[in-house]
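What you see is a predicted model, and the numbers here were worked out from it, not measured in a lab. Because only heavy atoms are used, hydrogens play no part in the values below, and waters and symmetry mates are left out as well, while side chains stay in. Atoms within each ligand, like the ligands themselves, are counted from 1 in listed order.
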Amino acid sequence: MNTKEIRIPYDEFEGSENLGARVAELIIKAQNAADLAYAPYSGFYVGVAIELIDGQIFTSNNQENKAYPSGLCAERVGLFFVQANYPDIPIKRMVLVAKQNNKLTEEPVYPCGACRQVMVESAERQELPFEVWMAGKNRVLRIDTPDYLLPLKFLL
Ligand code: THU
């Protein structure tokens, strides 16, 4: 028996640190998208901005339903939308934010397991990794590939 360890590299930016104009723009767009979420049951408003390599930006948010499992997270709404419409244009980066009581969460929002699985396959499908930025008021995290978010992922 061998005990092994998996290490996950990610970059952390302090709340006041300069993230660059493009990422700052994506964070604002994701926040605006969060405001449009349909989240009457949880009160947790998630917003996503996805930048494609050709510079196009798309936003999404979580869509809940009275039958709870029928709703969908912001990440999957966005990923499935861009892959449905632009399957040949790779994703460059994805920015996630969440709001509660009309305020950006203090800490970054981390995607759920199901969304990580979809992110991993999205990167696999485009044969190119993409950055995932998770933004909170206090700090912002950047990870270079969805693979790092889901070690020991399901493989078929
Ligand atoms: N949610 C997302 O949209 N993305 C995440 O990464 C975590 C959770 C949504 C699902 C549900 O509408 C609400 O947030 C509370 O779980």
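Between Ile89 and Ile53, the closest side-chain pair of non-hydrogen atoms falls below 4.5 Å.
The 4.0 Å heavy-atom shell around ligand 1 contains residues Ser42, Phe44, Val46, Asn62, Glu64, Cys73, Ala74, Glu75, Tyr110, Pro111, Cys112, ordered by chain and number.
Within a 6.0 Å radius of CG in Asp54, more than 12 heavy atoms belonging to other residues, nucleotides or ligands are found. When the shell of 6.0 Å around CD of Glu121 is examined, it contains 12 or fewer heavy atoms from other residues, nucleotides or ligands.
Listed by chain and number, the hydrophobic cluster partners of Ile57 are Phe13, Leu19, Val23, Leu26, Ile27, Val95, Val97, Leu104, Trp133, Val140, where partners are ILVMFWY side chains within reach of under 4.5 Å, directly or through others. Counting Ile, Leu, Val, Met, Phe, Trp and Tyr side chains that sit under 4.5 Å apart, directly or through other members, Tyr38 shares a hydrophobic cluster with Tyr41, Tyr68.
Within the structure, side-chain hydrogen bond (donor to acceptor under 3.5 Å, both in side chains) pairs that include any residue of residues 85-101 comprise Asp35-Lys99, Glu51-Arg93, Arg93-Glu131 (at least two apart or interchain).
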